[in-house]
Enquirer: 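Next up is a structure, given as structure tokens.
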Amino acid sequence: MTDATDIPPEGEERPLAGEYVLGVLDATERAEAERRLAADPAFARSVAWWEERLTPLAADIAAAQPSEGLWPRIQAMVAEPLKPSAWSNIALWRGLTAGAMALAAACVVIAILPRPALPPARPQAAEVALIADPATNKPMIIATLDHGMDQVMLTPMGMKMPEGRDAELWIIPEGQKAISLGVIPMDKPMRIPMPPDLRGEGTYTALLAVTDEPIGGSPTGVATGSVRAAGKFAKA
Amino acid sequence: MDADSSRALLSRAIARVANRDQDALKYVYRHTSAKLLGVALRILNDREEAEDVLQDVYLTVWNKADRFDPEKASPITWLVSLARNRAIDRLRSRGTRVMTGVEEAEALPDAAPLASARIEADEDRQRLDGCLDQLDPKHSGAVRKAFFEGLTYDALAQAVGVPLGTMKSWIRRSLISLRACLEA
């Protein structure tokens, strides 16, 4: 906005930090202020000053009880079972995925429910992998093998990444290092070419895992974030 | 519990969150989520969106607890600011979607502070109230409305029924007066 009304009162500097904290800036000005916040320590101090002075107003806002499901949702997302150092520990992976396997039988039905966005192929149980949150065993992604198309179909089940992080899918062939299969969307199904390691015996021994990585995926080709979900294809 | 010790406990819990202590995060959640949801709900008028904001806020706390410096800010200021910023960003990203209830909200006085929800030392609050009281009531009303609802100058001017330039002038003059008064 550049109309004449933007001119601050005569002889007075525009109180931009206060305007930012108060929340009156539009999206563009706000983004601009946030860039400055990161780059200009004096401006950042000014913003902190206003936050400390104006926040007492929040005492007037009536509290509201969050719904029961909110904390479990947050808890599931912060559950951090493994550090990248555990990547080579295949025995640990096996243990983690055992629980997910137990769920497989019950959850296969979810995978074969008709979904308008997906092709009509009905995978067999043996060709479904539940990629589950290691802490809660809740399936985060269902992977199905499509031998006809030579693809793996990935169906996210409400998985979320921390803000500013992408989900990257990895395959860990038994006894080997993780190989990236790329960044995958969390909000819609996706098909990826069949990785060579998911053929033959590898179908049931290779582990699929999802880590949170910087936007665009791990810059190094090695997982840097936390393991958010993992699972294998179950042998019928 | 008085404000000072609850502040100290919250600061200590956030420090433990920085060490990846999930119980500490739960403590922070238990003691602040109702307040933060109130803050986000006031801005967004949509429970689902407000709860999404809360989820983001606590994940940010989880990931960036080490950035909280108890020497520089009070924990509740840090948390309320996170929640307000996320909620305002969300409100802006809605674009021009028409909000219901803006006019009704205008007619409603702010809920009286709940004794149990007092979140800052009374001293800070009294100082701010004293400074707000020195402003023209229309101007201080606009400042409060802006803080509570996260409205842009434009939306604020429309809601209050004054020209945009008038609203900008009210808010900017108010901020300049408040700064002088609060610094004194």
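Protein chains get the first letters and strands the later ones, always in sequence-line order, with residue 1 at the start of each.
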Enquirer: To the nearest 0.5 angstrom, please state how far the CZ atom of A:Arg53 sits from the SG atom of B:Cys131.
Expert: 10.0 Å

Enquirer: As an exercise, state the distance from CH2 of A:Trp71 to CZ of B:Arg30, rounded to the nearest 0.5 Å.
Expert: 9.5 Å

Enquirer: Is B:Asp89 paired with A:Arg30 through a side-chain N to carboxylate O contact shorter than 4.0 Å?
Expert: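 Here A:Arg30 pairs with B:Asp89 in a salt bridge, since their nearest N and O are under 4.0 Å apart.
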
Enquirer: Once rounded to the nearest 0.5 Å, what's the spacing between atom OG of A:Ser67 and atom CD of B:Glu48?
Expert: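 Rounded to the nearest 0.5 Å, the OG-CD separation comes out at 9.0 Å.
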
Enquirer: Atom OH in A:Tyr20, atom CG in B:Leu175: separation rounded to 0.5 Å?
Expert: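 Nearest 0.5 Å value for the OH-CG distance: 14.5 Å.
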
Enquirer: So does A:Gln75 get a backbone contact from the side chain of B:Lys26, meaning a donor-acceptor N/O pair under 3.5 Å?
Expert: no

Enquirer: What are the two closest heavy atoms between A:Ala58 and B:Val80, and how far apart are they?
Expert: CB-CG1, 4.0 Å

Enquirer: Is it the case that the side chain of B:Arg84 and the backbone of A:Leu22 share a donor-acceptor pair, with hydrogens and angles ignored and the cut-off at 3.5 Å?
Expert: yes

Enquirer: With a 4.5 Å heavy-atom cut-off, do A:Val24 and B:Leu156 have their side chains touching?
Expert: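 Answer yes - side chains close enough.
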
Enquirer: What part of A:Ala48 is in contact with chain B, defined as an atom under 4.5 angstrom from a non-hydrogen atom: side chain, backbone, both or neither?
Expert: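 It is neither, since no heavy atom gets under 4.5 Å.
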
Enquirer: Looking only at non-hydrogen atoms, find the nearest pair between B:Gln55 and A:Leu70 and report the distance.
Expert: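 The pair with the smallest heavy-atom distance is CB-CD1, 4.2 Å.
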
Enquirer: Test your reading of the model: is there a side-chain donor-acceptor pair from B:Arg125 to the backbone of A:Pro56, 3.5 Å cut-off?
Expert: yes

Enquirer: Could you check whether A:Glu52 pairs with B:Lys72 (Lys NZ or Arg NE/NH1/NH2 to Asp/Glu carboxylate O, under 4.0 Å)?
Expert: no

Enquirer: Pick from A:Pro66, A:Ala27, A:Ala31: which one has the most heavy-atom pairs with chain B under 4.5 Å?
Expert: A:Pro66

Enquirer: Check each atom of B:Ser174 against the heavy atoms of chain A and say whether the ones under 4.5 Å are side chain, backbone, both or neither.
Expert: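 Neither part.
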
Enquirer: Quick one: are B:Leu132 and A:Leu57 in side-chain contact, heavy atoms under 4.5 Å?
Expert: yes

Enquirer: So which residue, B:Arg179, B:Arg127, B:Met167, ends up with the most heavy-atom pairs under 4.5 Å with chain A?
Expert: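 Most heavy-atom pairs within the cutoff with chain A belong to B:Arg179.
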
Enquirer: Report which part of B:Tyr29 has an atom under 4.5 Å of a heavy atom belonging to chain A: side chain, backbone, both, or neither.
Expert: side chain

Enquirer: For A:Thr55 and B:Ser81, which heavy atoms make the closest approach, and how far apart are they?
Expert: OG1-OG, 4.0 Å

Enquirer: Between A:Asp60 and B:Arg42, does at least one N-O distance fall below 4.0 Å, as a salt bridge requires?
Expert: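 Here A:Asp60 does not pair with B:Arg42 in a salt bridge, since their nearest N and O are not under 4.0 Å apart.
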
Enquirer: To the nearest 0.5 angstrom, please state how far the CG atom of A:Leu54 sits from the CZ atom of B:Arg144.
Expert: 11.5 Å

Enquirer: Evaluate the side-chain proximity of A:Met77 to B:Tyr58: yes if any heavy-atom separation is below 4.5 Å, no if none is.
Expert: no

Enquirer: With a 4.5 angstrom heavy-atom cut-off, which part of B:Leu36 approaches chain A: side chain, backbone, both or neither?
Expert: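 Neither part.
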
Enquirer: Given the options A:Pro162, A:Gly23, A:Ala64, which has more heavy-atom pairs under 4.5 Å with chain B than any of the others?
Expert: A:Ala64

Enquirer: Would A:Lys160 and B:Asp56 pass as an ion pair if we require N to O under 4.0 Å?
Expert: no

Enquirer: Side chain, backbone, both or neither: which part of B:Arg47 has a non-hydrogen atom closer than 4.5 Å to chain A?
Expert: side chain

Enquirer: Using heavy-atom distances under 4.5 Å, tell me whether A:Glu163 contacts chain B through its side chain, its backbone, both, or neither.
Expert: side chain

Enquirer: If we define contacts as heavy-atom pairs under 4.5 Å, which of A:Glu34, A:Arg45, A:Gln65, A:Glu19 has the most with chain B?
Expert: A:Glu19

Enquirer: Can you tell me how far apart CD1 (A:Ile74) and CD (B:Gln22) are? Round to the nearest 0.5 Å.
Expert: 12.0 Å

Enquirer: Side chains of B:Leu59 and A:Arg165: does their closest heavy-atom pair fall under 4.5 Å?
Expert: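 Heavy-atom side-chain distance check fails, nothing below 4.5 Å.
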
